[in-house]
Amino acid sequence: MKLHDFDHLFIQHRPPEEICEFLKEHWNDLESHLKFSIYQERLFAPEFLLRCDEDLVQNIYNHLWFNFGYFSSLKYAGQIVQDTSVPDSTRTKFWYMIHAYKSCCYGVPDQRVSSPVFIDNPAALQSFCKYSENSAAKIFFQGMARCKIANGYKLSARLVKTLQEDSISMFEMTRLMENKDLTLSLFLCMIKYDAQQIFCHFLKDSLTINGIFPDRIILFFLCAHAEAGFAGKAIHTLEKIKPGIVREATDPFGNTPLWYTLYQEEIPTQLVKTLIQYGDDPTKRNHLNLSYELVMAANSSQYEKRRRRTVMKAIWKKQQGL
């Protein structure tokens, strides 16, 4: 009966405020039945969300998350995030939904997935697709790309040993003896084996590094995928070579290095402090008019849950002897 009353409110073109009050009062009775209403999609309209309080927004968020398919969720969440008339607290909540679905919160190189997120911003979509054509840029748009490329790259046991020992001289001698070129895959292996000194040694050779990928790409990649201690040391080195790189670096969508730390399984607190220390502004807004500070404030509980899952997963692996 409540579902019929809900539909009737839209049929009669009742004001959003009245519908909000009805939902707040009867949500528990309606929740499991809303998916059968032809009007349920109206709940995701920005003009409706403007009238919702925090609790109702959370209920609508959960409804979209659990009752809609992958592409529909991206589509509605993308529309909400891009509409700046919607309060920042609401937009950042739905931003997390997009972020949770994909390793890159704005889409992937596959245009079919990107389009719903950029539905009102074709220029940004075109910029994204062009940016993603760069092989180095693709690395930090694909969450597991680092592991896959590094694991699939063949290294001799001797070269692996030099990486594990983090010996610059032995690494260079072995690399030259084996005629191994400095490639993107080899740099990824340095990260995989935690060869901080070797990695930072080559960072200082700007001509070598820039021939493989630009400093800015390295910075974003480190923030998104490298272990926090490794990333911190590499960023200190980058700042010595190119002072102000952290403060000035932005991607085509206005995201600073801080945004890329959100792609880590666990928020690297010390790395975040390092980036802020070097001038990365957590209040700076990107092309969606959102800031790192706003996203963290709205989704701190989600990131805490993710942190706990990571810890439990590590404990489980240890117990299993993995």
Visitor: Roughly how far, to the nearest 0.5 Å, is the CG atom of Leu275 from the CD atom of Gln270?
Guide: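 Between atom CD of Gln270 and atom CG of Leu275 there are 10.5 Å.
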
Visitor: Drop me the distance from Leu49's CG to Asp83's CG, to the nearest 0.5 angstrom.
Guide: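 Result: 9.5 Å between the selected atoms.
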
Visitor: Taking side chain as C-beta onward, heavy atoms only, is Leu155 less than 4.5 Å from Tyr193?
Guide: yes

Visitor: When you compare the side chain of Tyr61 with that of Ile80, does any pair of heavy atoms fall below 4.5 Å?
Guide: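 No - every pair of side-chain heavy atoms lies 4.5 Å or more apart.
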
Visitor: Does the side chain of Asp251 pick up a donor-acceptor pair with the side chain of Tyr260 at under 3.5 Å?
Guide: yes

Visitor: Look at atom NZ of Lys273 and say whether more than 12 heavy atoms of other residues, nucleotides or ligands are closer to it than 6.0 Å.
Guide: no

Visitor: Would you compute the distance between atom CG of Leu163 and atom NZ of Lys192 and round it to the nearest 0.5 angstrom?
Guide: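 Reported to 0.5 Å precision, the distance equals 10.0 Å.
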
Visitor: Once the angle between the rings of Phe36 and His33 is folded into 0 to 90°, is it parallel (under 30°), tilted (30 to 60°) or perpendicular (over 60°)?
Guide: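 Ring orientation, 0 to 90° scale: tilted.
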
Visitor: Check the pair Lys24, Asp53 against salt bridge (charged side-chain N to carboxylate O under 4.0 Å, His left out), reporting the backbone distance first and the verdict last.
Guide: CA-CA 9 Å; Lys24 282 191 286 186; Asp53 62 17; 3.5 Å; yes

Visitor: Any chance the side chains of Gln40 and His63 put a donor and an acceptor closer than 3.5 Å?
Guide: yes

Visitor: Determine whether the aromatic ring centres of residues Tyr39 and Phe6 are separated by less than 6.0 angstrom.
Guide: no

Visitor: With a 4.5 Å heavy-atom cut-off, do Thr250 and Asn255 have their side chains touching?
Guide: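 Thr250 does not reach Asn255 side chain to side chain.
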
Visitor: Determine whether a donor-acceptor pair (N or O, by modelled atom type, separation under 3.5 Å) exists between the side chain of Glu227 and the backbone of Gly229.
Guide: yes

Visitor: List the steps and the verdict of side-chain contact (heavy atoms from CB on, under 4.5 Å) for Leu9 and Glu18.
Guide: CA-CA 8 Å; Leu9 289 170; Glu18 185 177 335; 3.7 Å; yes

Visitor: Flag the pair Ile235 / Cys223 as yes when at least one side-chain heavy-atom distance between them is below 4.5 Å, and no otherwise.
Guide: yes

Visitor: Among the clusters formed by ILVMFWY side chains lying less than 4.5 Å apart, do Ile198 and Met173 turn up in the same one?
Guide: no

Visitor: Contact between Thr237 and Lys204 at the side-chain level, heavy atoms closer than 4.5 Å - yes or no?
Guide: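 With C-beta onward as the side chain, the pair touches.
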
Visitor: What closest approach, in Å, do Leu50 and Ser85 show between heavy atoms, and which atom pair accounts for it?
Guide: CD2-O, 2.8 Å

Visitor: Can you see which heavy atom on Ile60 is nearest to which on Cys52, and at what distance?
Guide: CD1-SG, 4.0 Å

Visitor: Please find the pair of heavy atoms, one from Arg51 and one from Pro16, that lie closest to each other, and give the distance.
Guide: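 Taking Arg51 first and Pro16 second, the nearest heavy atoms are CD-CB, 4.0 Å.
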
Visitor: Does any N or O in the side chain of Arg91 come within less than 3.5 Å of the main-chain N or O of Val81, such that one atom is a donor and the other an acceptor?
Guide: yes

Visitor: What closest approach, in Å, do Leu290 and Leu294 show between heavy atoms, and which atom pair accounts for it?
Guide: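 Closest heavy-atom pair between Leu290 and Leu294: CA-CD1, 4.4 Å.
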
Visitor: Would you say His201 and Gln197 are linked by a side-chain donor-acceptor pair, where the criterion is simply a distance under 3.5 Å?
Guide: no

Visitor: Have Asn289 and Thr84 got a donor and an acceptor in their side chains that come within less than 3.5 Å?
Guide: no

Visitor: Quickly, which of Arg175, Lys161, Glu178 forms a side chain to side chain donor-acceptor pair (under 3.5 Å) with Ser156? Name it, please.
Guide: Glu178

Visitor: Does the plane of the ring in Phe48 sit parallel, tilted or perpendicular to the ring in Phe10? Use 30° and 60° as the thresholds.
Guide: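 Tilted: the ring planes of Phe48 and Phe10 meet at 30° to 60°.
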
Visitor: Determine whether the side chains of Gln196 and Asp194 contain a donor N or O and an acceptor N or O closer than 3.5 Å.
Guide: yes

Visitor: For the residue pair Phe22 and His26, categorise the inter-ring angle as parallel (less than 30°), tilted (30 to 60°) or perpendicular (more than 60°).
Guide: tilted

Visitor: Using a 6.0 Å cut-off, check whether atom CD of Glu248 has over 12 heavy atoms from anything other than its own residue.
Guide: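 For Glu248, atom CD is crowded (more than 12 foreign heavy atoms under 6.0 Å).
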
Visitor: Establish whether Leu176 and Phe171 are linked, either directly or via other cluster members, by ILVMFWY side-chain heavy-atom contacts under 4.5 Å.
Guide: no

Visitor: Assess whether side-chain contact (heavy atoms from CB on, under 4.5 Å) is satisfied between Ser291 and Asn286, documenting all intermediate values.
Guide: CA-CA 6 Å; Ser291 70; Asn286 61 11; over 6 Å; no

Visitor: Would you check if the side chain of Ser37 reaches a backbone N or O of Leu34 as a donor-acceptor pair within less than 3.5 Å?
Guide: no

Visitor: Working to the nearest 0.5 Å, report the span between CG of Asn59 and CG of Leu30.
Guide: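 It comes to 11.0 Å.
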
Visitor: In this structure, is the centre-to-centre distance between the rings of Phe68 and Phe44 below 6.0 Å?
Guide: yes

Visitor: Does any non-hydrogen side-chain atom of Phe94 lie less than 4.5 Å from one of Gln79?
Guide: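 In short, these two side chains do not touch, never coming nearer than 4.5 Å.
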
Visitor: How close do Leu203 and Ile241 get, heavy atom to heavy atom, and via which atoms?
Guide: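 Looks like O-CD1, 3.1 Å.
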
Visitor: Report yes if the side chains of Cys200 and Lys233 come closer than 4.5 Å at any heavy-atom pair, otherwise no.
Guide: yes

Visitor: Can you tell me how far CE of Met177 sits from CE of Met170, rounded to the nearest 0.5 angstrom?
Guide: 8.5 Å

Visitor: How about Thr274 and His236: do any of their side-chain heavy atoms sit closer than 4.5 Å?
Guide: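 In contact.
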
Visitor: Looking at Arg158, I'd like to know if its CZ atom is crowded, meaning that more than 12 non-hydrogen atoms belonging to other residues, nucleotides or ligands lie closer than 6.0 Å.
Guide: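 12 or below, so no.
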
Visitor: For Lys93 and Asp88, run salt bridge (charged side-chain N to carboxylate O under 4.0 Å, His left out): C-alpha distance rounded to whole Å, both residues' side-chain angles, the deciding distance at 0.1 Å, then the answer.
Guide: CA-CA 9 Å; Lys93 188 177 292 293; Asp88 288 340; over 6 Å; no

Visitor: Could you give me the CA-CA distance, side-chain angles and deciding distance for Asp281 and Tyr292, then say whether side-chain contact (heavy atoms from CB on, under 4.5 Å) is met?
Guide: CA-CA 9 Å; Asp281 183 1; Tyr292 171 86; over 6 Å; no

Visitor: Tell me if a side-chain donor or acceptor on Thr261 pairs with a main-chain N or O of Pro257 at a distance below 3.5 Å.
Guide: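 Between the backbone of Pro257 and the side chain of Thr261 there is no qualifying donor-acceptor contact (under 3.5 Å).
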
Visitor: Step by step, would you call Ile218 with Leu238 a side-chain contact (heavy atoms from CB on, under 4.5 Å)?
Guide: CA-CA 9 Å; Ile218 297 171; Leu238 274 174; 4.3 Å; yes

Visitor: For the residue pair Gln58 and Asn62, confirm or rule out a side-chain donor-acceptor distance under 3.5 Å.
Guide: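 Per modelled atom types, Gln58 and Asn62 side chains form a pair under 3.5 Å.
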
Visitor: How far does CZ of Phe202 sit from CD1 of Ile168, to the nearest 0.5 angstrom?
Guide: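 Phe202 atom CZ to Ile168 atom CD1 measures 8.0 Å (nearest 0.5 Å).
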
Visitor: Measure from the side-chain N and O atoms of Glu239 to the backbone N and O of Val246, and report whether any donor-acceptor pair falls under 3.5 Å.
Guide: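 Here the side-chain-to-backbone pair exists.
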
Visitor: What pair of heavy atoms forms the shortest contact from Ala226 to Ala231, and how long is it?
Guide: CB-CB, 4.1 Å

